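Computed from a prediction, not measured in an experiment: that's the story for all the values here. Just follow the structure's listing: the first ligand is 1, and inside any ligand the first atom is 1.
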Amino acid sequence: MKHSGITTLEQFIVDQQALYKDAKGSLSKIFRALELAAKIVNRDVRKAGLVDILGNNGTSNIQGEEQKKLDVIANEVFINALARCGEVCAVVSEEDDDVTWIPECADQKYIVAIDPLDGSSNIDVNASIGTIFSVYRRADSSKAPVLEDCLQQGKHQVASGYFIYGSSTMLVYTTGLGVNGFTLDDGIQEFCLSHPDIRIPEHGKIFSVNEGNFSEFPDGVKNYIHFCKESDKATNRPYGARYIGSLIADFHRNLLKGGIFIYPPTAKAPNGKLRLVYECNAMAFIVEQAGGKASTGTQRVMDVQPSELHQRVPLFIGSVNMVDQALAMLNQSLSS
Ligand code: AHM
Ligand code: MG
C-alpha cells in the first residue's frame, strides 16, 4: 500500500521513542501538552486583531517589563497544559517571578522552562512571535523538587524547541537526535513533518544584531559588525543585515539560511538581555544539534551554571564559521 507521505508529530514521536530503549512515554505526554497549548495560543494569536486581547495587561513581570495580554494568556495556557499532563513537577516561566510547583506531580522527574510568548513587542505590529521551551530531568525524583533542580546547565536538557507563530505556525525541536521542523496544517490541525533533519549551513550571509545599541557594544563586536559590512568578493561580503527583534524569528531564519545572531553585552547591560534558562539554552541545544554553535562570548552557552532563574547571558549563535569569526574578533580585542 502506498503511504500518504504525511508524518504527523504524533507519529514521529512514537517512531523516535522506539529508539530510546528505556522510554516510558513521559516525554511524549509532555510534547502532547506543549502541542495542545501551542494550538490554543496559535488560535489566539491568529485572531489577536479581532478580539480585545491586544495591548498591555497593565502589569509587569519581575524584570519590570510590561506584560502584554497575550503574554499572560500564553503563560496560563502552557502552564495549565503542562500541569495537567501529569509528568511535570515544576515550570519555570519568563512571566513568573518564581517556579510554579505542581504539587500533585511532586514525584515526577521532568521540569519545563518556557518563554510563553517571546518577541512580545511584535504582537501589536503583526510580526512573528513564538514560544520557547526546554525540558530537564531531575537527577533524583524520590525527593521533593527544589530550586536547584530548575537551575541545571543547558547541556542537561533532554529536549528543547520553539513554536513560531509566523506566516505559518511551526514547531522546531530536538531531543538530541538532530533537529526536525513541523508545520501546522490548519485544515487538519496537525503538526506535519516539513523540515526533516535541519542542518544550519556552516557559513551564512546574514548578521542579526540590534545596531541601535552599537555605541554600547564591546570593541570586538563593533569590529565584527564592521567586518560584516566590508566588501570582499572572496568571502561574499558584505553580509545582509536582518533583525526583527523577535529571537525566534531571527534565529529561525538564520537556522534555515545560515547566519549569526548576536545579543552582546552592552555598557548598560553587561550580561546582555536574553535569559539563559528559558531562551538561550533552548536555542543553543537546537543550534548545536543542527551543526552550529552558541557562545556567551567567553564560554559555551550550555556549560553556564545558572545561579538564578531569570539570569541573562550575552548570546552569539548561528553558523559555526560565523560564530567562530565573531568570537575570534572579540577575544582579539580583549587581549590587545
Ligand atoms: P521578550 O521575551 O520580552 O519578548 O524579550 C526578548 C526579545 C527577543 O525575542 C529579542 O531577540 C530581543 O528581545 C530584542 O531585544 P531588543 O529590542 O533590545 O533588540
Ligand atoms: Mg523572550
Side-chain angles (χ1 to χ4, degrees), residues 38 41 45 48 54-57 59-75 78-79 91-97 112-134 154 160-166 170 172 206-218 221 225 241-255 259-284 286-287 294 296-297 301 306 309-318:
V41 170
V45 166
L54 275 176
N56 300 334
N57 193 42
T59 57
S60 299
N61 64 14
I62 191 175
Q63 289 139 95
E65 298 161 332
E66 245 174 20
Q67 285 182 313
K68 300 281 183 182
K69 283 187 183 175
L70 263 175
D71 291 10
V72 176
I73 293 168
N75 194 38
F78 272 93
I79 291 180
V91 181
V92 176
S93 166
E94 175 180 319
E95 298 301 334
D96 293 315
D97 305 359
V112 180
I114 52 168
D115 180 351
L117 213 53
D118 179 65
S120 45
S121 65
N122 280 316
I123 297 171
D124 288 357
V125 295
N126 214 349
S128 298
I129 47 181
T131 300
I132 307 174
F133 62 87
S134 287
S160 82
Y162 57 87
F163 294 92
I164 177 166
Y165 313 108
M170 273 191 78
V172 173
I206 298 170
F207 72 105
S208 309
V209 60
N210 186 345
E211 272 197 84
N213 299 325
F214 188 86
S215 62
E216 301 255 325
F217 291 163
V221 174
I225 292 173
R242 296 284 185 279
Y243 188 81
I244 188 142
S246 188
L247 173 63
I248 295 179
D250 284 313
F251 176 86
H252 184 68
R253 180 196 52 244
N254 293 356
L255 179 70
I260 182 169
F261 174 97
I262 304 176
Y263 207 111
T266 64
K268 273 193 217 121
N271 295 319
K273 175 182 183 187
L274 300 174
R275 275 57 57 112
L276 173 64
V277 174
Y278 42 77
E279 291 179 324
C280 301
N281 272 335
M283 298 307 187
I286 288 174
V287 90
T296 64
V301 169
L309 293 176
H310 300 283
Q311 178 173 342
R312 296 172 197 262
V313 286
L315 183 63
F316 298 75
I317 190 166

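Heavy atoms only, all atoms of each residue included: Asp96 and Asn75 are closest at OD2-ND2, 3.1 Å. When all heavy atoms are compared, the tightest approach of Val277 to Pro306 is CG2-CB, 4.0 Å. Closest non-hydrogen pair, Cys280 versus Leu315, comes out as SG-CD2, 4.1 Å. When every heavy atom of Phe261 is checked against every heavy atom of Asn254, the shortest pair comes out as N-ND2, 3.8 Å. Between Val221 and Pro264, the shortest heavy-atom contact is CG2-CB, 3.9 Å.
Aromatic ring pairs are classed by plane angle as parallel below 30°, tilted from 30° to 60° and perpendicular above 60°; the pair Phe78 and Phe163 is tilted.
The shortest N or O to N or O distance between Lys273 and ligand 1 is under 3.5 Å. The N/O atoms of Leu247, backbone and side chain alike, include one that comes under 3.5 Å of an N/O atom in ligand 1.
Glu279 has its closest N, O or S atom to the Mg ion (ligand 2) at the position named OE2. Closest approach between the Mg ion (ligand 2) and any N/O/S atom of Glu94 involves OE1. Asp118 has its closest N, O or S atom to the Mg ion (ligand 2) at the position named OD1. Restricting Asp115 to its N/O/S atoms, the shortest distance to the Mg ion (ligand 2) is reached by OD2.
Contacts with ligand 1 closer than 4.0 Å are made by side-chain heavy atoms of Asn210 only, the backbone lying farther away. Contacts between Tyr278 and ligand 1 below 4.0 angstrom, taking non-hydrogen atoms only, are absent altogether. Within the 4.0 Å heavy-atom criterion, both parts of Ser120, backbone and side chain, lie near ligand 1. Contacts between Asp115 and ligand 1 below 4.0 angstrom, taking non-hydrogen atoms only, involve the side chain exclusively.
A heavy-atom distance below 4.5 Å is not found between the side chains of Ser128 and Ile244.
Atoms of ligand 1 lying under 4.0 Å from any heavy atom of Phe261, numbered from 1 in the order shown and given with element: 11 (O). Of all atoms in ligand 1, listed by their number and element, those nearer than 4.0 Å to a heavy atom of Tyr263 are 15 (O), 16 (P), 18 (O), 19 (O). Atoms of ligand 1 lying under 4.0 Å from any heavy atom of Ser246, numbered from 1 in the order shown and given with element: 9 (O). Within ligand 1, counting atoms from 1 as listed, the ones closer than 4.0 Å to a heavy atom of Glu279 are 2 (O), 6 (C). Proximity to Gly119 (heavy-atom distance under 4.0 Å) selects the following atoms of ligand 1: 1 (P), 4 (O), 9 (O). Every atom of ligand 1 with a heavy atom of Tyr243 under 4.0 Å away is listed here by number and element: 14 (C), 15 (O), 16 (P), 19 (O). Every atom of ligand 1 is numbered from 1 in the order shown, and the set under 4.0 Å from a heavy atom of Glu94 is 1 (P), 2 (O), 3 (O). Of all atoms in ligand 1, listed by their number and element, those nearer than 4.0 Å to a heavy atom of Arg275 are 1 (P), 2 (O), 3 (O), 5 (O), 6 (C).
No side-chain donor from either of Asn281 and Ser134 sits under 3.5 Å from a side-chain acceptor of the other.
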Given side chain to side chain contact (heavy atoms under 4.5 Å, CB included), test Val41 with Ile73 step by step and report yes or no. CA-CA 8 Å; Val41 170; Ile73 293 168; 5.7 Å; no
Run Asn213 and Tyr263 through side chain to side chain contact (heavy atoms under 4.5 Å, CB included) and show every step you take. CA-CA 10 Å; Asn213 299 325; Tyr263 207 111; 3.7 Å; yes
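With values rounded to the nearest 0.5 angstrom, Glu95 atom CD is found 8.0 Å from Leu117 atom CG.
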